[in-house]
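What follows is one structure encoded as structure tokens, with my remarks underneath.
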Amino acid sequence: MPELPEVETIVRDIRPGLEGQRITSVEVRKADILKRIGRAAFIRGMSGRRIAAVARRAKNVVLELDDGSRAVIQPGMTGSMQVGGRDDTYDVVRWTLSSGKKARYTDVRRLGRIYLFKPPAWQAHDKAIGPEPLDRSFTPAVLLERLRGRKTPVKKAIMDQRRLAGVGNIYASEALWMAGIDPSRPASSVTPEEAERLRDAIVDVLRRSIRGRGTTVRDYRTGTGEPGNFAGRLAVYERAGEPCLRCGTPIAATHGIDARSTYFCYRCQR
DNA sequence: CATGACACCTGCTCGC
DNA sequence: TGCGAGCAGGTGTCAT
């Protein structure tokens, strides 16, 4: 999916067009992405509400409404949001705003989800997600604690949203390469020194990607409908066979970890 | 509790 | 040109 940098980019792009707006009508074109709520209740719950704030939590876009409820939009593999722009065949939900513009959630594969939570429910949902890697409080000790006692491969562990928020398949490969850690190693084998390198790598790659407006490999679009610019700056992802930028050894690829593509350097990552 | 298989969807690319 | 297989950045559920 859009991982943290991509969702952050979308949020920054759509925020100015959404905050302070009142939702005058809601059109749900495909109800299968609504979770734990039906189409009618979703429309009723959002219509007439003012959008007080737009935020990101992990890989979710969060719309905070003036009645204390929150729409949580999880773009899945191919979801994105825009305010304005042309209607798209794959638009799933369209919100008409008091400005006269339309906000749209577009998702070709519809693996995304949208929730509309009332106060007790959104806190619970939020609490189930791990720490934000770009918060100051995300220290090596916090990362180490999150990896402790887990035999699962470290790559899978850092992609687990309950352990750590926002890292997905692309940035997991990138950060582990930067930190020189073999992605298949048990999470519990990561030393304090390695945790420090890994924390730094995660923070660095996410920040740099946000600066580049995210990574477009195939489908991802920013909140202005354009591709991100970070793909060309990836060190290992989708670079199988090409030389490692550090040592020149051809980059290896495997599907052996959680049946997801993983890219790494045999020589640099131990 | 951990792990793996599978499911949810559609579109694109590749090989025959 | 056509067609099926395999693959794609995420995550929830179920069986073991």
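Owing to the predicted nature of the structure, the values given are computational and were not obtained by experimental measurement. Here is the naming used below: chain letters follow the sequence lines, and residue numbers restart at 1 for every chain.
Taking the side chain of K151(A) as heavy atoms from C-beta on, and the options dC7(C), dT3(B), dT10(B), the nearest nucleotide is dT3(B). Side-chain proximity of K156(A) to dG4(B), dA2(B), dG9(C): nearest is dG4(B).
V217(A) comes within 4.0 angstrom of a base, heavy atoms only. When heavy atoms are screened at a 4.0 angstrom cut-off, Y90(A) is found touching the sugar-phosphate backbone but no base atom. Within the nucleic acid shown, D32(A) comes within 4.0 Å of sugar-phosphate atoms alone, with no base atom in reach, counting heavy atoms only. Within 4.0 Å of T215(A), counting heavy atoms only, lies at least one base atom of the nucleic acid.
In terms of phosphate contacts, R113(A) brings no side-chain nitrogen or oxygen within less than 4.0 Å of OP1 or OP2 of dT11(C). Distances shown here put a side-chain N or O of S261(A) below 4.0 Å from the OP1 or OP2 atom of dG9(C). Between H125(A) and dT11(C) there is no side-chain polar atom (N or O) within less than 4.0 angstrom of OP1 or OP2. Look at K59(A) and you'll find a side-chain N or O under 4.0 angstrom from OP1 or OP2 of dG10(C).
A donor-acceptor contact shorter than 3.5 Å links the side chain of R197(A) to the backbone of A179(A). When atom types are taken as modelled, the side chain of K35(A) and the backbone of D32(A) share a donor-acceptor pair closer than 3.5 angstrom.
A donor atom on one side chain and an acceptor atom on the other are not found under 3.5 Å apart for S188(A) and R150(A).
The distance between atom NZ of K30(A) and atom P of dC8(B), rounded to the nearest whole Å, is 15 Å. Whole-Å rounding puts the I33(A) CD1 to dG10(C) P distance at 18 Å. The distance from atom CZ of R57(A) to atom P of dG10(C) is 17 Å, rounded to the nearest whole Å. For D160(A) and dT3(B), the CG to C1' distance is 12 Å, given to the nearest whole Å. One interatomic measurement links the two molecules: CZ of R29(A) to P of dT10(B), which rounds to 13 Å at whole-angstrom precision. Protein atom NZ of K35(A) is 17 Å distant from nucleotide atom P of dG10(C), rounded to whole Å. Here dG4(B) presents its P atom at 13 Å from NZ of K155(A), a figure rounded to the nearest Å. In this structure, R218(A) places its CZ atom 11 Å from C1' of dG11(B), rounding to the nearest Å.
Taking only distance into account, the side chain of R150(A) never meets the base of dA2(B) through a donor-acceptor pair shorter than 3.5 Å. A donor-acceptor contact under 3.5 Å is not formed by the side chain of R110(A) with the base of dC9(B).
Taking the ring axis of W177(A) as reference, the NZ or CZ atom of R239(A) does not stay both within 45° of it and closer than 6.0 Å to the ring centre.
Ring geometry, F117(A) versus H125(A): the interplanar angle falls from 30° to 60°, so the pair is classed tilted.
One C1' atom belongs to dG9(C), the other to dT3(B), and the distance between them is 23 Å to the nearest Å. Of the P atoms belonging to dC12(B) and dT11(C), the separation is 23 Å, rounded to the nearest Å. Rounded to whole Å, the P atom of dA5(B) lies 14 Å from the corresponding atom of dC7(C).
The environment of R207(A) atom CZ is sparse: at most 12 non-hydrogen atoms of other residues, nucleotides or ligands sit within 6.0 angstrom. Heavy atoms from other residues, nucleotides or ligands lying under 6.0 Å from NZ of K151(A) number 12 at most.
Taking the nucleotide of DNA chain B with the nearest heavy atom to each of R163(A) and A259(A), the more 5' of the two is matched to R163(A). Each of E238(A) and D258(A) has a nearest nucleotide on DNA chain C; the 5'-most of these lies closest to E238(A). Summary of the strand contacts: Q161(A) and H255(A) both lie near DNA chain C, and taking for each the nucleotide with the nearest heavy atom, the more 5' one is attributed to H255(A).
With both pairing distances under 3.5 Å, dC9(B) is matched to nothing as a Watson-Crick or G-U wobble pair.
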